[in-house]
Amino acid sequence: MESFLTRYKNLLFLVLVLALQIAGLAVQIRRPSPGAPDGHSVRLIRRWAVALISPPEEALHGGGSGIRNLWANYLDLRHVRQQNQELRERVSRLQLEQASLMEDARQGQRLQQLLAFREHYIYSTVPAQVIGTSGADQSQVLYIDKGSKDGLQPDMPVITPDGIVGKLKDVFPHTAQVLEISDQSSGAGVLLETTRLRGVLKGNAFGQPQIVNLLPDERVKPGEHVVTSGGDQIFPRGLPVGVVDHVVNDAQNPPYVDVVIKPAANLGRLGEVLVITKLSDQMPPQERKDIAESAASLKDAGVQRAADILDQRLPSVDPTTQAADAASPDGIPPLVKAPLPLHADRYTPDATPPAQDLVPGGRFTPDLPASLTGTSPAAAKTAQRKTTAGGVGPAAKPARPPRVPARVAPETSGNSESATGVSVPAPASPGP
Amino acid sequence: MRRELDVQRYPWIAVLLAPLVAVFLQAYIPRFVPRFDIIDLPLLVIIYFSVGWRNPIAGTLGGALIGLMQDALTSRPLGVNGISNSIIGFLAGSLGVKIDVENPGTRLLMNFAFTLLNTVVYLFIVHRLLAIDLRTNWLHEVIKAVINAIVGVFVFDILDRVRVRE
């Protein structure tokens, strides 16, 4: 027995070490769900390792920042005045743009309220510096210099102004682990902006984020923007994720395809990130203040709002007609009237004469009623004779003056080609 | 007649610091050079010391400790790298007893083989023991092994300088 132990002591030691580690693995994976937090002892080991590696990383980062700040604060101030002026102008311009867009956003919010949809605003964030990585190509993990002492908690989303980065996994007192969207064990709900396809974003073997298990769709093209869908309950809706890089067939799950994404945030060279610590259905006070200031400056500048421009371009109810209808004495709501045509033709409602007035074999010329022309029938008939049938003369003018000017066909005699390019006969001229 | 191979000796501070520095650099440098994570510095350090000590038990223990430390920095369960590095440490220690690994060519081949084997063991644990659907590109893994083999020759050369000369 002793000789057996002596002879195979190396192998027995290996088996013992492996058995212990496999037992440890078994304990760890016996969690209720894959995303559940680590056990106490595992957390403790991770904390020791991070405590051993993080201080030199933070020290190096701090030293590097000190040198960079020295350069930025004292030596590289040559173009600051000019930059300041440019930035001020840019802020003013952006304020105006923001205010005009906010009008549309408010309209959207009102509609969302009608649908009982709750918008989530980023209420508060904590800026943090990236101090290290996991160092393994199979695990896309970052370490930041903020932890639970700064109010961070697991599963909080991490972003940059360019796009999303990942979510917090393990949070220690002074550091936290960020699981990047390019890690194979990550997951985020995303939406293709143009095609409105929804999917789950995960990392692939090359450390690139990709939308997995999508059915082939020819509409998905490189360059299409991808945003968060909000369906994962972690990332708020509408944050930029990246653009479509290419589409590959999923060899393991045919006929599905994977859409590889070029991330909007530069995941390889992250310096500063923002951790979203609170989401709310209320807009943060500072943002509200900014918008109010922008709206005031917009009013002062007399700039037309985007909503007003849209209102002019889109068809709407005539306010005079609306007021007359509302004032009906019986209180019965009026029937909804069909919008008046810009280009009346034989298919226009009320334009066809009764059957008894039609001559067999005769050519029909639409005789538009006064309700469509806004003039007396006689005047309409006269005007009709003067214009070609396919053209739009005064007869086609709606009750409300159109915001888009109607095209008027030239006065012609005989067979002519209307503005629409259709050859129509002219009405017979009266004899002498 | 077979030549007796000498057991290499290293200052205890070097034995303690080298793995820590390797793990630190492995975690820190990819912040600036994203593709640096293809290199596995802690694995190369394990191979070097295991081969130099010519002791499979020391190699196994060293591999387990450094592997667990690597695991602690990733999002994976503790023990994945620990198991694979333990096996590599054991094999490197056993190999050191039998052959002389001072030659750069031998080191190149040895590092290539051990890096590839480490990947195979790692993926076996992830796929079979943990049932995690981890996608693998074997061309990438072979390139990784080649790069580690080349880098390993230089790392071994640096570590040779801290060896105690008798």
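To find a chain, count down the sequence lines: A is the first, B the second, and so on, and within it residues start at 1.
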Acceptor/donor pairs from residues 147-159 of chain B side chains to any protein atom, 3.5 angstrom cut, sequence neighbours excluded:
from, atom 1, to, atom 2, distance (Å)
B:N148, OD1, B:D40, N, 2.8
B:N148, ND2, B:I38, O, 3.0
B:N148, ND2, B:K144, O, 2.8
B:D157, OD2, B:R161, NH2, 3.2

- Contacts satisfying salt bridge (charged side-chain N to carboxylate O under 4.0 Å, His left out) that involve residues 200-214 of chain A (not counting sequence neighbours) are none
- Query: Which pair of non-hydrogen atoms, one from B:F32 and one from A:R269, has the smallest distance, and what is that distance?
  - Reply: O-NH1, 3.2 Å
- B:M69 side chain near A:L52 side chain, heavy-atom distance below 4.5 Å: yes
- Closest non-hydrogen atom pair, B:L73 against A:Y143: O-OH, 2.9 Å
- Item | Between CG on residue B:L68 and CD1 on residue A:I45, distance to nearest 0.5 Å | 7.0 Å
- If you tally heavy-atom pairs under 4.5 Å against chain A, which of B:G67, B:P42, B:G82 wins? B:G82
- Message: To the nearest 0.5 Å, what is the distance between CD1 on B:I57 and NZ on A:K9?
- Response: 5.0 Å
- Task: Can you tell which part of B:V80 gets under 4.5 Å to a heavy atom of chain A, answering side chain, backbone, both or neither?
- Result: both
- Query: Is a side-chain donor or acceptor of B:R76 paired with a backbone partner of A:Q138 at a separation under 3.5 angstrom?
  - Reply: yes
Which atom pairs, one a donor and one an acceptor, fall under 3.5 Å between side chains of residues 23-30 of chain B and the rest of the protein, sequence neighbours left out?
from, atom 1, to, atom 2, distance (Å)
B:Q26, OE1, B:L41, N, 2.9
B:Q26, NE2, A:G135, O, 2.7
B:Q26, NE2, B:I39, O, 2.6

- Message: If we count only N and O atoms by modelled type, under 3.5 Å, do the side chains of B:S86 and A:Q21 hold a donor and an acceptor together?
- Response: yes
- In terms of heavy-atom pairs under 4.5 Å, which option from A:N10, A:L270, A:V141 contacts chain B the most? A:N10
- Are B:L61 and A:F13 close enough that some pair of their side-chain heavy atoms sits under 4.5 Å apart? yes
- Message: Tell me whether A:S139 contacts the main-chain N or O of B:S75 through its side chain, where contact means a donor paired with an acceptor under 3.5 Å.
- Response: yes
- Looking only at A:P56, A:G271, A:S54, the option with the highest number of non-hydrogen pairs under 4.5 Å against chain B is A:P56
- Task: Please answer whether the main-chain N or O of A:V130 pairs with a side-chain N or O of B:R31 as donor and acceptor at a distance below 3.5 Å.
- Result: yes
- Do B:D37 and A:T133 have side chains that get closer than 4.5 Å, going by heavy atoms? no
- Message: At a heavy-atom distance under 4.5 Å, which candidate from B:A131, B:G59, B:G79 has the highest pair count against chain A?
- Response: B:G79
- Decide yes or no for A:I22 and B:I83: does some side-chain heavy atom of the first lie under 4.5 Å from some side-chain heavy atom of the second? yes
- Query: Is chain B contacted by the side chain of A:E57, its backbone, both, or neither, given a heavy-atom distance below 4.5 Å?
  - Reply: both
- Distance in Å, B:N137 CG paired with A:N204 CG, rounded so as to fall on 0.5 Å steps: 9.5 Å
- Item | Toward chain B, the part of A:L11 with a non-hydrogen atom under 4.5 Å | both
- Note on the structure: Counting heavy-atom pairs under 4.5 Å with chain A, the top scorer among B:V126, B:L78, B:T60 is B:L78
- Query: For chain A, which residues from residues 115-125 of chain B have at least one heavy atom closer than 4.5 Å to it?
  - Reply: B:Y122, B:L123, B:I125
- Largest heavy-atom contact set with chain A, pairs under 4.5 Å, which of B:S94, B:P56, B:G93: B:P56
